[in-house]
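Here's the structure, in C-alpha cells; my notes come after.
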Amino acid sequence: LNDFNSRHLSNYFSGIVAFENKDNSNALKFFQSSKVLIKKNDSYLERYVYSLMLEGKVHQAINEIKQNLTKSNSNFFEAHIVLAIDSLKKRNYKKSKKHLKESYKFINNDRLSLVVAETFKQYLYIFEENKIPIKKNKFGNFSFINEVFQRCYLEDKNIKTYFEKLINNSENPKTEDTDYSRYIFFYISHLIEDKKYHEIKKIADNLEYLKSSLLVSQGKKWVEDEKLEEFQKVFSCKNSNDILGEFFFIVANLFSSQEKYTKSNFYLNIAYFLNPKFKFNLSLLAENHYINKDYKKTLKVLKDFDDKNEFYYWFKIKKKAQIIYQQKNEKVGIIFVNSKFKKIKNPSIKIIFDIANFNKNAKRYKVAIEYYDKILSKININSNLHAKILYRRGSCYERLKDYNKSDRDLLKSLEINPDDAYVLNYLAYSWLEREHKIDTALKMLEKAYAARSNDPYIIDSIGWAYYLVDEYE
C-alpha cells in the first residue's frame, strides 16, 4: 500500500462507498480516476467492471478485462462469462469454451451461477454441433424454456409442440405463479418465419389485452395492424445472439425477482449487448432503477420507447407519471398522465383500463367511471373480466355515495363470479357502514373469510360484523 498515491486510494475508497450505495455513476467516475490501482488491488477490477457494465459500457468492460486480467484480480465469475460472450459473438467457440471453463473456478457454491454456466455451456454446444446434447440440464422449467429456444434455433420439426407445452405451462398448478405467456410473442415470431399466417391470426384473436403482458400486447397489436415485419426487426430464434440474449434476460429477471437489482442490471446489459434490437427488455431495467429510486436513470432508459410501439410508449408515460408522483405530487402526476392519454388515437382497452385506474386511485371517481363505462361496452357481459370492471366501477360509485348504483354493480359482479372474496368483502363492508342488511353482510363475509382467511381487510371486516351482531369473542 505504501506505493499507492493517497489521492488514488481516496478515489478508490470513495468509489467503493458509491458502488455500495448504488450510486453507480459516481462510483464509475471514482474508479476511473484511480485506475493506477487496477493491477495492484485484487478487488479493483471486479468493482470497475461491474460499474462499467451497469452503465451499459459493455465493450469498454470487455477491453478492461482483456488488458488488465491477472491471476490475482480475475477471481470473479462474471469476468470470464463476459469474455466468453465476447468470443461467442465473434464465433470463436473454442475461445468462448476456454473462458467459460475458467468461470467454473469461481462459482463458489452459488446455484444461479452454476445454472448460468451450465446453460451457457449447452448453448455453445448447440451453436457448434448443431444438435441438442444427449445429456440435458436439470434446472426445471428454466431448462425447458431454454430448450424450446434451442430447438427453435435448430428448426426442430416438433417445435410447435414444445412451444405449446411451454405457453400452456401457466395452467399447471405447480407453475401457476409464473407467467409463461411471454413466450407467445416468440412463438408468433417463429410462425412468421414459417409463413403460417392463419395460425398467427388465430393465436392473436384468442389473446385478450387486459390479460396479456406488455410484450404480448404489443405483439397482438402488430398482428392486428398487419405489421408482422416488426417481429423480425427485433428477434429471430435462428439468430444465436438473439436467443442467447433472451437467456440472459431470463437470468436478469430471476435476479430481479430476488431483489438483487445490481446483478439483474448486469445481466440485462449483457442481454442488450447480444441483441440491441430488442429494446423492450429495457423495461425491466427501467423498473429496477425505479424500485431503487434512481429516477434519473429510469427516465434515461425510458427514452428508448416511442409512440411507434403503443404499449411500450404507454409504459413510458405511466412510469413518468409515477416519478412525478414521487418527486412532486399526485395532482401534477394525474394531470400529466391524463394529458398524454388524450393524445393517443384509438387507445386499446388495456390503456383505457390503466387510465381509469389512475383516476380511481387519484379519487377522481367520476372520470374513472366514464372510462370503466367504455370498457364495459366492449367486453362480454358474462365474463370474469366484466365482473372485475363492475367491481371497480361499483367501488367508485360507493365512494361517491351513490349506493344504488354501487350495489347494482357489485351485486351484478357477484352474479357472474359469486366466489370473489374481495367483492364480497367490499359490498358487505359497505353494508355494514350503512347498517344495511347486517345479517346478509355477515354471511357474505364468512364466505369471503373461508376463501381468504389470511387477508387483513377481510379479517377486520368480519370482526366488525361479529361485533355488530353481538357474536364477537
Side-chain angles (χ1 to χ4, degrees), residues 18-25 27-28 46-58 61-62 65 75-85 100 103-104 106-123 137-146 149 175 177-180 182-183 186 213-215 241-276 278-294 297-298 300-301 304 315 319:
F19 184 80
E20 295 300 325
N21 288 331
K22 297 182 172 61
D23 182 5
N24 190 67
S25 295
L28 184 56
E46 180 177 2
R47 292 190 176 103
Y48 184 36
V49 165
Y50 250 89
S51 293
L52 287 169
M53 292 292 293
L54 294 175
E55 292 298 307
K57 300 178 185 293
V58 182
I62 291 168
I65 296 170
N75 59 345
F76 64 107
F77 175 77
E78 290 81 5
H80 303 282
I81 291 296
V82 168
L83 291 178
I85 290 166
L100 183 60
S103 75
Y104 279 81
F106 310 107
I107 288 175
N108 298 325
N109 296 318
D110 183 82
R111 178 165 174 77
L112 200 41
S113 293
L114 176 65
V115 170
V116 169
E118 285 291 300
T119 308
F120 193 173
K121 182 179 178 181
Q122 191 174 58
Y123 273 102
N137 289 330
K138 296 181 180 179
F139 303 123
N141 289 314
F142 183 89
S143 291
F144 182 67
I145 292 167
N146 284 286
F149 281 102
T175 60
D177 292 335
T178 305
D179 181 17
Y180 292 92
R182 170 183 175 84
Y183 303 105
F186 301 105
S213 67
L214 197 59
L215 182 62
N241 288 342
D242 289 2
I243 63 170
L244 199 61
E246 178 60 18
F247 156 57
F248 280 108
F249 173 79
I250 298 168
V251 173
N253 207 17
L254 281 171
F255 278 119
S256 183
S257 69
Q258 297 172 0
E259 300 182 2
K260 296 177 180 178
Y261 301 113
T262 298
K263 283 211 169 187
S264 176
N265 293 345
F266 183 96
Y267 283 103
L268 273 171
N269 279 302
I270 287 178
Y272 188 61
F273 172 70
L274 285 162
N275 183 8
F278 207 86
K279 292 186 177 182
F280 301 145
N281 281 346
L282 294 177
S283 59
L284 179 58
L285 188 61
E287 288 283 7
N288 288 348
H289 287 319
Y290 178 78
I291 291 169
N292 281 324
K293 298 183 179 180
D294 192 338
K297 283 188 179 177
T298 306
K300 183 180 178 181
V301 174
D304 281 301
F315 167 81
K319 197 55 63 180

K121 atom NZ, neighbour heavy-atom count above 12 within 6.0 Å: no
task: Spell out, as yes or no, whether a donor-acceptor pair under 3.5 Å connects the side chain of S51 to the backbone of R47.
output: yes
Salt bridge flag under 4.0 Å for residues E55 and K297: yes
task: Would you check, one step at a time, whether the test side-chain contact (heavy atoms from CB on, under 4.5 Å) holds for Y50 with K263?
output: CA-CA 9 Å; Y50 250 89; K263 283 211 169 187; 3.6 Å; yes
query: CD1 of I81 to CZ of F106: how many Å apart, nearest 0.5 Å?
result: 11.5 Å
- prompt: L284 and side-chain contact (heavy atoms from CB on, under 4.5 Å): which partner among V301, N265, L268?
  reply: L268
message: Measuring from atom CG of L254 to atom CG of L112, what distance do you get when rounded to the nearest 0.5 angstrom?
response: 6.0 Å
task: Write down the atom of A117, the atom of L100, and the distance for their closest heavy-atom approach.
output: O-CD2, 3.8 Å
message: Tell me the closest heavy-atom pair linking S113 and I107, and the distance in Å.
response: CB-CG2, 4.2 Å
- request: Answer whether the closest heavy-atom distance between the side chains of F315 and E287 falls below 4.5 Å.
  value: yes
- request: Could you tell me the separation between the CG atom of D304 and the CZ atom of F280, rounded to the nearest 0.5 Å?
  value: 10.5 Å
- request: Taking all heavy atoms of F266 and all of L54, pick out the closest pair and write down the distance.
  value: N-CD2, 3.6 Å
message: Applying side-chain contact (heavy atoms from CB on, under 4.5 Å) to F149 and I145, what does each step give before you reach the verdict?
response: CA-CA 7 Å; F149 281 102; I145 292 167; 4.0 Å; yes
query: Can you name the closest pair of heavy atoms from A271 and F249 and give their distance?
result: CB-N, 3.8 Å
- prompt: Are the side chains of V58 and Y272 in touch, meaning some heavy atoms are under 4.5 Å apart?
  reply: no
- prompt: Just checking, any donor-acceptor pair under 3.5 angstrom between side chains of S264 and N288?
  reply: yes
message: If you compare all heavy atoms of A286 against all heavy atoms of T298, which two are closest, and at what distance to 0.1 Å?
response: O-CG2, 3.6 Å
- prompt: Which heavy atom of F247 sits nearest a heavy atom of V116, and at what distance?
  reply: CZ-O, 3.7 Å
field: Mutual orientation of the aromatic rings belonging to F278 and F186 [parallel < 30°, tilted 30-60°, perpendicular > 60°]
entry: parallel
task: Report the C-alpha separation of Y123 and N146 in whole Å, then their side-chain angles, then the decisive distance to 0.1 Å, and conclude whether the side-chain contact (heavy atoms from CB on, under 4.5 Å) test is met.
output: CA-CA 9 Å; Y123 273 102; N146 284 286; 2.7 Å; yes
- request: Report yes if some heavy atom in the side chain of V82 is under 4.5 Å from a heavy atom in the side chain of M53; otherwise report no.
  value: yes
query: Is there side-chain contact between N275 and N241, with at least one heavy-atom pair below 4.5 Å?
result: no
message: Check the orientation of F248 and F120. Use parallel for under 30°, tilted for 30 to 60°, and perpendicular for over 60°.
response: perpendicular
task: Taking the side chain as every heavy atom from C-beta outward, state whether Y180 and N141 have any atom pair closer than 4.5 Å.
output: yes
task: Could you tell me the separation between the CG atom of L282 and the CG atom of N269, rounded to the nearest 0.5 Å?
output: 8.0 Å
- prompt: Quick one: are the ring centres of F255 and Y267 less than 6.0 Å apart?
  reply: yes
message: With rounding to the nearest 0.5 angstrom, report the CG to CG distance, L215 to N281.
response: 7.5 Å
NZ/NE/NH1/NH2 to OD/OE distance under 4.0 Å, R182 and E246: yes
